[in-house]
Amino acid sequence: MTTGTDHTASVSSSPSSPVHDAVRECARRAAGGSASLVNAPESAIDAALRGMAERVRSAAPTLIEANEADLAAARAGGMSEALQDRLRLTAERLDAMSAQLTALADVPDEPRDHVVERRPDGLTLLERRRPVGVIGANFEARPNVTVDIASQLLKSRNGGVLRTGSAALRSSQALMDAVVAPSLAEAGLDPDAIQLIPVEDRSAAYALVAVPDLVPLVILRGSGESTRDLAREAAQHGVRTLAHADGGGVLYLAPGAGEALAHRMIEESLDRLGVCNRLNLLLIDRELHDKLLPGILELLTRLGIAASLPPHNHPRGFEWALDSDRAATVTIDAVDGPVEAARIANEETSGLAAAVATEDAQVAGQFLDAYGGSGAFWNCPTRLLDGFKLLRLPETGINIDRVPGPRGPVTFRDLSLRQYVTVPTEVVAEVSDAG
């Protein structure tokens, strides 16, 4: 979800409105500031990231105070517990954010140039990575995403314009003021490079996807109809997006799955209910169904999770994380084998991620070969489809488009343009042939 409270349909922003003007001003400042990143030495970029890691810890009291104000407003507005969990900053979560920033700083830069071919005509063909320029991001009421995206943009040397919903604006602004901006400045980089839109109104999201001359790419971090509507609005303006409007993990308990494995996979998939990669649809092979179902229902009851059993009064792939009143629910159904399980996951769910639980390699292979979603997992939960868990890097979001380009968690490695460059072979001194 884009925020804990923003569920409206299209809320377009007029090109001449104050909100649109505010977004354009942020984009202009980010474009100016990003010039300091393009040719900055790797040491300066990583120094800014390490500064952010230090400030997340040292500014913890300020950050938690701002977050508590957001949480108080959210409770007063009736936000569900699942969404409050996404909004909440704790000392432990701040420590985790700091550790991720340090880990990102330790990752070497991607080589700028890759030799494609030393041609017989005396030319060397290079593939060169170039920053996009300014990248926009619209994300839900999860304050840590502010730093996740800012750090990825910084590492890829792109400027950014960030927009979060009203529920998290105090927390995100505190992170910008106390963590991101001063760390950039201390490293000798222009703090204007990363901007947070200081507007609560939902129309700011629509303004962000309507300025292709300044922000050609926008990351839509969220789920539901509001994200789908933003993607449609962006397409009308010629703005590219990286997004998934729907999530929900699928788990298939296949022949060869014992009760202990099944229970472990289920429990590890439900540690957080407000996230897109949690267990949403549990498919039990028909030959195991009657044996495993009673124990699974007992486990779900112990975890405080309701089971939606056939006949369902909702689509089989309905995403429970989007239903604040019934987030603690899992859909259960029986299937005839791995191919049918993969077909259901492909056709009736978002295609975000699916897992198979079995000790039978042939059965697992049949399921993995047939499933076409962004992430496929064998004997580990779909919760692994997360940038830091899967790739050891913070992520800007997850992309599930079925077209060429980055799929799954999107990190700094995906936020660049490819440019072909030819140079005379005799002047190529030492070009690293990466890959």
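Here the structure is a predicted model, which is why all the values come from computation and not from measurement. Residue numbers count from 1 along this sequence.
- With contacts defined as side-chain heavy-atom distances shorter than 4.5 Å, the pair E340/I344 qualifies.
- Once rounded to the nearest 0.5 Å, the distance linking CG of D336 with CZ of R286 reads 4.5 Å.
- For D386 and K389, the salt-bridge test fails: no basic side-chain N is under 4.0 Å from an acidic carboxylate O.
- For the pair T349 (side chain) and G317 (backbone), a donor-acceptor distance under 3.5 Å is absent.
- Annotation for L253 and A357: closest pair CD2-CB, 3.8 Å, computed over non-hydrogen atoms.
- Closest of all the heavy-atom pairs between A48 and L189 is CB-CD1, 4.1 Å.
- Taking CG of L273 as the reference point, atom CG of D85 lies at 8.5 Å (rounded to 0.5 Å).
- Atoms CD and SG, on E319 and C276 in that order, are 7.0 Å from each other to the nearest 0.5 Å.
- The number of heavy atoms from other shown groups lying within 6.0 Å of CZ (R28) is above 12.
- Under 4.0 Å is where a charged nitrogen must lie from a carboxylate oxygen, and between R24 and D213 at least one such pair does.
- Pairing each heavy atom of S151 with each of L49, the nearest pair is CB-CD2, 3.7 Å.
- Contact of the N280 side chain with the T331 side chain is not registered, since no non-hydrogen atoms from C-beta on lie closer than 4.5 Å.
- Side-chain N or O atoms of S98 include none that pairs as donor or acceptor with a backbone N or O of V56 at under 3.5 Å.
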request  = Evaluate side-chain contact (heavy atoms from CB on, under 4.5 Å) for R57 paired with L94, printing each intermediate quantity in order.
outcome  = CA-CA 7 Å; R57 294 179 187 271; L94 291 173; over 6 Å; no
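- With hydrogens and angles ignored, the 3.5 Å screen pairs no side-chain donor or acceptor of D323 with any backbone N or O of W320.
- When all heavy atoms are compared, the tightest approach of I332 to H312 is O-NE2, 3.0 Å.
- Comment: D106 does not engage R392 in a salt bridge, judged by the lack of any side-chain N to carboxylate O separation of less than 4.0 angstrom.
- Side-chain atoms of D109 do not come within 3.5 Å of backbone N or O of E42 as any donor-acceptor pair.
- For the atom pair I284 CD1 and D333 CG, the distance stands at 9.0 Å (nearest 0.5 Å).
- Here the shortest heavy-atom pairing between G51 and S183 reads C-OG, 3.1 Å.
- Checking side-chain atoms of T164 against main-chain N and O of E140 turns up a donor-acceptor pair under 3.5 Å.
- No side-chain heavy atom of Q100 sits less than 4.5 Å from a side-chain heavy atom of N144.
- Within the 4.5 Å cutoff, side-chain heavy atoms of L71 are placed close to those of N67.
- D246 pairs with exactly one of T227, I400, L352, L322 by the side-chain contact (heavy atoms from CB on, under 4.5 Å) rule, that one being L322.
- R278 CZ to R383 CZ: the interatomic distance, rounded to the nearest 0.5 Å, is 10.0 Å.
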request  = Evaluate salt bridge (Lys or Arg N to Asp or Glu O under 4.0 Å) for D46 paired with K155, printing each intermediate quantity in order.
outcome  = CA-CA 8 Å; D46 292 341; K155 188 75 171 180; 2.9 Å; yes
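- No side-chain donor-acceptor contact under 3.5 Å links D360 and T358.
- Ionic pairing of D401 and R407 is not present here: no N-O contact between side-chain nitrogen and carboxylate oxygen is shorter than 4.0 angstrom.
- A salt bridge is absent between E347 and R316: the closest approach of a Lys/Arg side-chain nitrogen to an acidic carboxylate oxygen does not fall below 4.0 angstrom.
- With values rounded to the nearest 0.5 angstrom, I296 atom CD1 is found 13.5 Å from I305 atom CD1.
- The main-chain N or O of H114 is never found under 3.5 Å from a side-chain atom of E127 such that the two would form a donor-acceptor pair.
- Side-chain contact between V250 and Y371 is absent, with no heavy-atom pair separated by less than 4.5 Å.
- For E68 and R75, the salt-bridge test fails: no basic side-chain N is under 4.0 Å from an acidic carboxylate O.
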request  = Before giving the answer on side-chain contact (heavy atoms from CB on, under 4.5 Å), spell out for R163 and V161 the whole-Å C-alpha distance, their side-chain angles and the decisive distance to 0.1 Å.
outcome  = CA-CA 7 Å; R163 186 265 167 187; V161 179; over 6 Å; no
inquiry  = As a quick check of understanding, evaluate side-chain contact (heavy atoms from CB on, under 4.5 Å) for R343 and E348, giving each step before the final call.
reply    = CA-CA 8 Å; R343 180 194 64 77; E348 300 186 40; 4.0 Å; yes
request  = Kindly indicate, with the supporting measurements, whether the criterion side-chain contact (heavy atoms from CB on, under 4.5 Å) is fulfilled by L230 and L208.
outcome  = CA-CA 9 Å; L230 277 173; L208 181 59; over 6 Å; no
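- Residues E92 and D95 form no side-chain contact, since every pair of their non-hydrogen atoms from C-beta on lies 4.5 Å or further apart.
- Relative ring orientation between H314 and F318 is described as tilted, the plane-to-plane angle lying within the 30° to 60° band.
- Put simply, the side chain of N399 gets close to the backbone of P406: a donor and an acceptor are under 3.5 Å apart.
- Contact annotation: the side chain of Q152 approaches that of L104 to within less than 4.5 Å [non-hydrogen atoms, C-beta and beyond].
- Residue G159 comes nearest to L37 through the heavy atom pair N-CD1, 4.3 Å, listed as atom of the first residue, atom of the second, then distance.
- R264 places a side-chain N or O within donor-acceptor distance of the main-chain N or O of N379, the cut-off being under 3.5 Å.
- The backbone N or O of G133 sits less than 3.5 Å from a side-chain atom of N158, completing a donor-acceptor pair.
- Looking at heavy atoms from C-beta onward, F139 lies in side-chain contact with L162 at the 4.5 angstrom threshold.
- Side-chain atoms of Y252 and D285 include a donor-acceptor pair closer than 3.5 Å.
- Contacts of R170 classified as salt bridge (Lys or Arg N to Asp or Glu O under 4.0 Å), with partners at least two apart in sequence or in another chain: D70.
- A donor-acceptor pair is defined here as one N or O able to donate and one able to accept, closer than 3.5 Å; no such pair exists between the side chain of R221 and the backbone of A137.
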